[in-house]
Novice: 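This is the structure, below, for whatever I ask next.
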Amino acid sequence: MSESARGRRVAFLVAPEGTEQVELTEPWRAVGEAGAEPVLVSTKTGKIQAFNHLDRADEFDVDRVVDDASADDFDVLVLPGGVANPDQLRTNDRAVAFVREFFEAGKPVAVICHGPWTLVEAGVLGGRRITSWPSLRTDIVNAGGDWVDEQLVRCDGGPSILLSSRKPDDLPAFCDALVHELQSREVAL
């Protein structure tokens, strides 16, 4: 892959428990292979517990606590799914503010599956086209989003790019779009 993603930092925001493992590990791998630095950001120090649907999977070390993180420190934000993950994040004021910072700074955000629940809470979906796991449709529409059932949606309305996918089966397209976005961004010095 191109070296053009070198020097970029990607925040993966996850709750201490409930992230769908493959929605964390596949984009993480793609970002790393593109030459960017993935950083695991959570609401607590230590480790996060990932899941394969409802079954416990692996644990992953937290690199940074959201209380000590800023959108200024990163080039892109990734919000993996899993039902419990965004449900926990959307009740954490600092996590919601962190997400909002990316939109205010005009930085790309990539979200998959149930991840958009955090975007609903952040109030950033007004007028934006987005996809998700089908059960989020009503929440997204009620938050002003334009929900569609597509494998990948790239919305460039507003100052920031929003990439979204529905489910783990969409990960190849999601990861390709994420890497493309990383490679096309200029790194602020």
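Here, residue 1 is the first one in the sequence, and each next residue gets the next number.
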Novice: Indicate yes or no: at least one non-hydrogen side-chain atom of Val78 is less than 4.5 angstrom from one of Val10.
Specialist: yes
Novice: Is the backbone N or O of Asp72 less than 3.5 Å from a side-chain atom of Ser70, with the two atoms forming a donor-acceptor pair by type?
Specialist: yes
Novice: Side-chain contact, heavy-atom cut-off 4.5 Å: Pro27 with Leu171?
Specialist: yes
Novice: Are Leu77 and Val179 linked, directly or through other ILVMFWY residues, by side chains that come within less than 4.5 angstrom of each other?
Specialist: no
Novice: Of all the heavy-atom pairs spanning Leu13 and Ala95, show the shortest one and how long it is.
Specialist: CD2-O, 4.0 Å
Novice: Partners of Phe74 by ring-ring contact (aromatic ring centres under 6.0 Å, His included), sequence neighbours excluded?
Specialist: none
Novice: Less than 3.5 Å apart, which donor and acceptor atoms pair up between the side chains of residues 15-23 and the rest of the protein, not counting sequence neighbours?
Specialist:
{"from": "Thr19", "atom 1": "OG1", "to": "Asn85", "atom 2": "OD1", "distance (Å)": "3.3"}
{"from": "Glu20", "atom 1": "OE1", "to": "His53", "atom 2": "N", "distance (Å)": "3.1"}
{"from": "Glu20", "atom 1": "OE2", "to": "His53", "atom 2": "N", "distance (Å)": "3.1"}
{"from": "Gln21", "atom 1": "OE1", "to": "Asp58", "atom 2": "N", "distance (Å)": "2.8"}
{"from": "Gln21", "atom 1": "NE2", "to": "Asp58", "atom 2": "OD2", "distance (Å)": "2.8"}
{"from": "Glu23", "atom 1": "OE1", "to": "Gly81", "atom 2": "N", "distance (Å)": "2.8"}

Novice: So, taking the atom named CG in Leu24 and the one named CD1 in Ile112, what distance separates them when rounded to the nearest 0.5 Å?
Specialist: 11.5 Å
Novice: Are the side chain of Thr131 and the backbone N or O of Ser164 linked by a donor-acceptor pair below 3.5 Å?
Specialist: no
Novice: Are Phe98 and Phe103 co-members of a hydrophobic cluster defined by side-chain heavy atoms under 4.5 Å apart?
Specialist: yes
Novice: Hey, does the side chain of Lys107 reach the backbone of Ala71 with a donor-acceptor pair shorter than 3.5 angstrom?
Specialist: yes
Novice: List for me each residue that meets salt bridge (Lys or Arg N to Asp or Glu O under 4.0 Å) alongside Arg94, sequence neighbours excluded, and say none if there are none.
Specialist: Glu101
Novice: Let me confirm one number: the CG-CH2 distance from Asn142 to Trp147, rounded to the nearest 0.5 Å.
Specialist: 13.5 Å
Novice: Please report the closest heavy-atom contact between Val96 and Glu121, naming both atoms and the distance.
Specialist: CG2-CG, 3.7 Å
Novice: Quick one, Val62 with Lys44, criterion side-chain contact (heavy atoms from CB on, under 4.5 Å). Give me CA distance, side-chain angles, the key distance, then yes/no.
Specialist: CA-CA 8 Å; Val62 172; Lys44 295 182 180 176; over 6 Å; no
Novice: If you apply the rule salt bridge (charged side-chain N to carboxylate O under 4.0 Å, His left out), what do you find for Arg154 with Glu181, and how did you get there?
Specialist: CA-CA 10 Å; Arg154 183 182 188 276; Glu181 198 59 46; 3.2 Å; yes
Novice: Same cluster or not: Leu119 versus Val66, using hydrophobic residues (I, L, V, M, F, W, Y) connected whenever any side-chain heavy atoms lie under 4.5 Å apart?
Specialist: yes
Novice: Minimum heavy-atom separation for Ala11 to Val41, with atom names?
Specialist: CB-CG2, 4.1 Å
Novice: Could you tell me which residues satisfy side chain to side chain donor-acceptor pair (under 3.5 Å) with Lys47, sequence neighbours excluded, listed by chain and number?
Specialist: Asp61
Novice: Go through the structure and list residues passing side chain to side chain contact (heavy atoms under 4.5 Å, CB included) with Gln151, not counting sequence neighbours.
Specialist: Arg166, Asp170, Ala173
Novice: Taking the hydrophobic residues Ile, Leu, Val, Met, Phe, Trp and Tyr, and joining any pair whose side-chain heavy atoms are under 4.5 Å apart, which ones share a cluster with Val148?
Specialist: Val153
Novice: Where do Gly106 and Ser160 come nearest, in terms of heavy atoms and distance?
Specialist: C-CB, 3.6 Å
Novice: List in chain and number order the residues that pass side chain to side chain donor-acceptor pair (under 3.5 Å) with Arg90, two or more places apart in sequence or in another chain; answer none if no residue qualifies.
Specialist: Asp87
Novice: Run the salt bridge (Lys or Arg N to Asp or Glu O under 4.0 Å) test against Asp93 and tell me which residues pass, sequence neighbours left out.
Specialist: none
Novice: Examine Val99 and Val109 and state if one hydrophobic cluster contains both, with Ile, Leu, Val, Met, Phe, Trp and Tyr joined whenever side-chain heavy atoms are less than 4.5 Å apart.
Specialist: yes
Novice: Testing the basics here: between Gln49 and Ala57, what is the closest heavy-atom pair and its distance to 0.1 Å?
Specialist: NE2-O, 3.0 Å
Novice: Is the side chain of Ser42 donor-acceptor paired with the backbone N or O of Val14 at a distance under 3.5 Å, no angle test?
Specialist: yes
Novice: Can you tell me if Arg100 has over 12 outside heavy atoms packed within less than 6.0 Å of its CZ?
Specialist: yes
Novice: In this structure, would Leu163 and Leu136 fall into the same cluster of hydrophobic residues linked by side-chain contacts under 4.5 Å?
Specialist: no
Novice: Start with the C-alpha gap between Asp139 and Arg137, add the side-chain angles, then the distance that decides, and say whether salt bridge (charged side-chain N to carboxylate O under 4.0 Å, His left out) holds.
Specialist: CA-CA 6 Å; Asp139 293 335; Arg137 178 182 183 180; over 6 Å; no
Novice: Applying side chain to side chain contact (heavy atoms under 4.5 Å, CB included), name anything that partners Pro38, two or more places apart in sequence or on another chain.
Specialist: Phe12, Trp28, Val31
Novice: Hey, what do you get for CG (Leu182) to CG (Asp75), rounding to the nearest 0.5 Å?
Specialist: 7.5 Å
Novice: Less than 4.5 Å apart, side chain to side chain, heavy atoms only: is that true for Phe60 and Thr25?
Specialist: yes
Novice: Can you name the salt bridge (Lys or Arg N to Asp or Glu O under 4.0 Å) partners of Asp146, sequence neighbours left out?
Specialist: none
Novice: To the nearest 0.5 Å, tell me how far Asn92 CG sits from Thr43 OG1.
Specialist: 5.5 Å
Novice: Nearest 0.5 Å, what's the CZ-OG1 distance between Arg64 and Thr45?
Specialist: 14.0 Å
Novice: Looking at Ala143 and Val120, what are the two nearest heavy atoms and their distance?
Specialist: CB-CG1, 4.0 Å
Novice: For Glu59, enumerate each residue passing the salt bridge (Lys or Arg N to Asp or Glu O under 4.0 Å) test, keeping only those at least two apart in sequence or located in another chain.
Specialist: none
Novice: Is any side-chain heavy atom of Pro172 closer than 4.5 Å to one of Glu26?
Specialist: no
Novice: Going by side chain to side chain contact (heavy atoms under 4.5 Å, CB included), name the residues that satisfy it together with Cys155, two or more places apart in sequence or in a different chain.
Specialist: Arg128, Arg129, Leu162
Novice: Enter the distance from Trp117:CH2 to Leu79:CG here, rounded to the nearest 0.5 Å.
Specialist: 14.0 Å
